[in-house]
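Below is one structure, written out as structure tokens; comments come after it.
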Amino acid sequence: MMNFTLLKHEMLATIKLFSIILAVLMLYIISIVYMYNPEMSNTLNKLTETMPELMSAFGMSNIGNSLIEFLSTYLYGFLLLVLPLVFIIMLANKLVIGYIDNGSMAYLIATPNTRFKIVFTQAFFLVASISVLLTATTLIAIIFSGILFPNELDLSAFLTLNIGLFFLHFAISGYCFLVSCSSKDLRTSYAYSTGIPILFYLIQALSNMGGSLEKLKYFTIYSLFTPEKLMTQDSSSFWMLGALFLIGLLCYMLAIRVFVTRDLYL
Amino acid sequence: MAMIEVNNLTKKFGDFYSVQNVELQIEKGEVFGFLGPNGAGKSTTIRHLMGFLQPTEGQCFIKGLDCRQSTAEIQKFVGYLPGEIAFIDKMTGQQFIKFIAQMRGLKDLSRAHELMQYFELNATGLIKKMSKGMKQKVGLICAFMHNPEIVILDEPTSGLDPLIQTKFIDFILAEKEKGTTIFMSSHMIEEIEKTCDRVAILNAGKIVATETIADLKKRKSKKFLIEFQSEQELSRFLGEQLKIEQIGPTQAIIKVQGNVQTLLHTLADYKINDLDIISQSLEDIFMHYYESGGKE
């Protein structure tokens with residue numbers, strides 16, 4: 001199923017990008033946990049009152065009083081959506097179309113490994129990297145919350161929230177991987193794998209502003225990730241997770257199929 | 001059974017035929033040359049052999065295995081040098097060779113070291129900083145390090161300096177001795193002539209001829225550029241029974257097919273300044289096939 005030499009190579013080749021993304025996220029997580037202060041959220045609430053549209057566009061509409069609500073507002077509306085997305089886009093493009101575009105894929109598939117094995121290894125590596133990244137951010141948040149505000153964080157709600165985030169990124173990475181496997185060159189692949197998620201995010205931002213724009217939520221994948229519902233473990237959040245998982249799985253399956261059967265000009 | 005077999009291979013891109021009805025049969029131990037100008041479809045044919053492309057029509061087989069179905073199985077005994085030189089840039093040459101060996105499940109790197117020594121390659125530097133010729137050597141080592149039965153080389157000597165080109169030709173001859181089947185494309189007739197048993201000439205996606213090198217040699221005429229010491233000498237020479245074309249006051253080109261003995265005997269009577277052999281280019285050979293209607 002997998003080639004471990006290739007897997008090891010990808011690990012070493014990705015460690016730098018991974019560390020940078022993780023370090024930036026860690027910095028933000030720590031400072032936002034640090035910023036948490038029941039009194040301070042009053043100030044932020046006032047800020048929200050003065051410019052509600054702008055704040056809600058970034059998913060910062062109702063800042064609750066608990067630590068988890070605070071974190072979900074400030075981390076899960078923007079930072080933990082966008083930074084992992086940057087990581088996913090760069091990695092997904094490097095893993096397949098990067099090799100095709102510069103021609104080195106010829107050497108990989110000129111070894112006695114089936115194309116399925118090569119592409120499955122790459123897909124596995126992408127999913128594994130995302131889960132390691134999100135596990136690390138979750139642990140960092142839990143540990144620092146525990147140090148600064150012992151017993152303040154609702155652990156089970158926080159874990160559900162992060163599982164939801166993983167499924168969201170799983171679905172998006174499936175899409176990016178599909179683009180990477182089916183594009184004819186690196187530039188086209190980057191354009192589609194960056195453009196569509198950003199478009200989805202902007203639609204989400206608009207629909208968050210409410211009013212007649214709210215209907216736009218049916219046109220973006222980000223609507224399937226709802227921190228408020230996940231934290232309360234609302235039943236509708238589970239079928240949303242299921243939908244995200246299905247989208248991701250279908251994308252990955254299709255991507256593998258496309259790569260195995262496509263023409264390669266190497 | 002033919003080692004490499006291409007049956008009626010056709011690949012169409014939109015309305016354009018990249019290759020059309022290509023037929024090839026390469027036997028065990030044969031060194032087979034694949035000649036043609038750029039864009040003739042040599043690489044496209046090779047990509048089909050490697051299973052990179054799905055033929056529009058026809059099939060390719062290596063040792064009886066379908067190149068599209070059994071790609072991984074075939075790669076166990078095939079070595080391949082791509083036409084485009086591309087590696088994973090962030091590795092050193094040695095790391096890359098080791099990486100590909102591991103991808104192959106090859107533990108014994110003695111052959112790779114032998115080859116590095118033979119081709120005088122110091123592969124400790126980053127591939128990104130290597131010259132074209134050094135990269136080509138890395139590619140050659142990757143193609144041969146697992147002692148493959150069949151080797152497919154897409155323009156193997158491009159980028160190599162003349163000294164290494166000669167070494168490469170000797171190396172191919174040694175591999176031939178060992179019984180390796182070699183299929184190599186080129187647009188340089190000299191290297192094909194020195195190494196191959198048979199050649200196929202491809203033009204605009206179609207095979208215009210498949211011949212043995214011996215036959216091709218017979219057809220190839222040699223041209224000599226001779227500079228005489230004086231105009232009188234040349235005008236005297238013009239009376240000889242040879243194919244002479246005057247190109248300057250004291251220079252002439254003589255075309256000889258087959259035996260050069262007569263020319264040398266004749267020349268002994270003349271005072272000349274210089275003699276040059278103009279090697280026949282691939283285009284000249286092609287002209288022959290164009291003239292004969294492109295069919296053989």
Side-chain angles (χ1 to χ4, degrees), chain A residues 1-20 90-91 93-122 124-125 181-182 184-186 256-266, chain B residues 11-13 18 43-44 46-56 67-91 95-107 127-128 135 138-139 141-143 145-146 148 151-154:
Chain A
M1 282 292 262
M2 271 203 278
N3 184 295
F4 292 98
T5 307
L6 184 59
L7 197 67
K8 198 178 121 203
H9 165 73
E10 296 302 351
M11 268 185 220
L12 291 172
T14 311
I15 197 112
K16 209 163 136 192
L17 175 68
F18 181 88
S19 313
I20 292 171
M90 292 180 79
L91 191 57
N93 281 298
K94 187 178 86 84
L95 287 175
V96 182
I97 192 72
Y99 287 110
I100 296 175
D101 195 68
N102 88 353
S104 48
M105 182 60 84
Y107 284 94
L108 300 186
I109 55 176
T111 58
N113 294 290
T114 57
R115 280 201 209 181
F116 174 81
K117 203 166 166 183
I118 301 277
V119 74
F120 186 83
T121 307
Q122 304 300 69
F124 173 84
F125 180 70
C181 284
S182 51
K184 66 181 195 327
D185 58 45
L186 191 62
I256 289 173
R257 204 185 139 62
V258 167
F259 181 78
V260 169
T261 53
R262 73 173 283 180
D263 278 350
L264 291 166
Y265 299 95
L266 298 167
Chain B
K11 180 72 181 176
K12 209 172 161 185
F13 301 110
S18 180
S43 293
T44 306
I46 287 177
R47 283 171 187 146
H48 280 99
L49 287 177
M50 295 301 293
F52 295 169
L53 300 177
Q54 173 69 40
T56 312
C67 291
R68 191 65 181 167
Q69 313 284 311
S70 323
T71 320
E73 186 63 28
I74 287 171
Q75 295 310 327
K76 284 181 189 161
F77 48 80
V78 169
Y80 171 58
L81 176 78
E84 302 240 336
I85 314 169
F87 302 100
I88 303 168
D89 286 339
K90 282 170 192 156
M91 285 183 170
Q95 279 170 337
F96 186 77
I97 290 166
K98 212 174 150 199
F99 171 64
I100 294 298
Q102 281 173 345
M103 288 283 292
R104 290 198 151 274
L106 180 74
K107 300 220 166 51
I127 293 182
K128 199 160 51 175
K135 286 182 186 172
V138 173
I141 289 161
C142 289
M145 66 180 168
H146 53 290
V151 186
I152 298 172
L153 308 169
D154 198 350

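Throughout, a chain's letter reflects where its sequence line sits, starting with A, and its residues are numbered from 1.
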At a heavy-atom separation under 4.5 Å, does [X] approach chain B through its side chain, its backbone, both, or neither?
X      : result
A:I118 : side chain
A:Y265 : both
A:N3   : side chain
A:R262 : backbone

**Report entry** Working for side-chain contact (heavy atoms from CB on, under 4.5 Å), residues B:M91 and A:H9
**Finding:** CA-CA 10 Å; B:M91 285 183 170; A:H9 165 73; 3.1 Å; yes
Query raised in the report: Would you say the side-chain atoms of B:R104 pair up with the backbone N or O of A:A110, donor to acceptor, closer than 3.5 Å?
Result: yes
Return the [atom1] to [atom2] distance between [X] and [Y], rounded to the nearest 0.5 Å.
X      : Y      : atom1 : atom2 : result
A:N113 : B:K76  : CG    : NZ    : 10.0 Å
A:Y107 : B:F99  : OH    : CZ    : 12.5 Å
A:L264 : B:M50  : CG    : CE    : 11.0 Å
B:R68  : A:T261 : CZ    : OG1   : 7.0 Å

Of the backbone (N, CA, C, O) and the side chain (C-beta and beyond), which part of [X] lies under 4.5 Å from a heavy atom of chain A, both, or neither?
X      : answer
B:K90  : neither
B:F96  : side chain
B:L106 : neither
B:K98  : neither

Determine the minimum heavy-atom distance between [X] and [Y], stating which atoms define it.
X      : Y      : value
A:N102 : B:A86  : O-CB, 2.5 Å
B:M103 : A:T111 : CB-CG2, 3.8 Å
A:R115 : B:G51  : NH2-O, 2.8 Å

Requested in this report: Scan B:K12, B:R47, B:K11 and name whichever one has a salt bridge (Lys or Arg N to Asp or Glu O under 4.0 Å) with A:D263.
Outcome: B:K11
Query raised in the report: Most heavy-atom pairs under 4.5 angstrom with chain A, which of B:F87, B:Y80, B:F77?
Result: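 Most pairs with chain A among the choices: B:F87.
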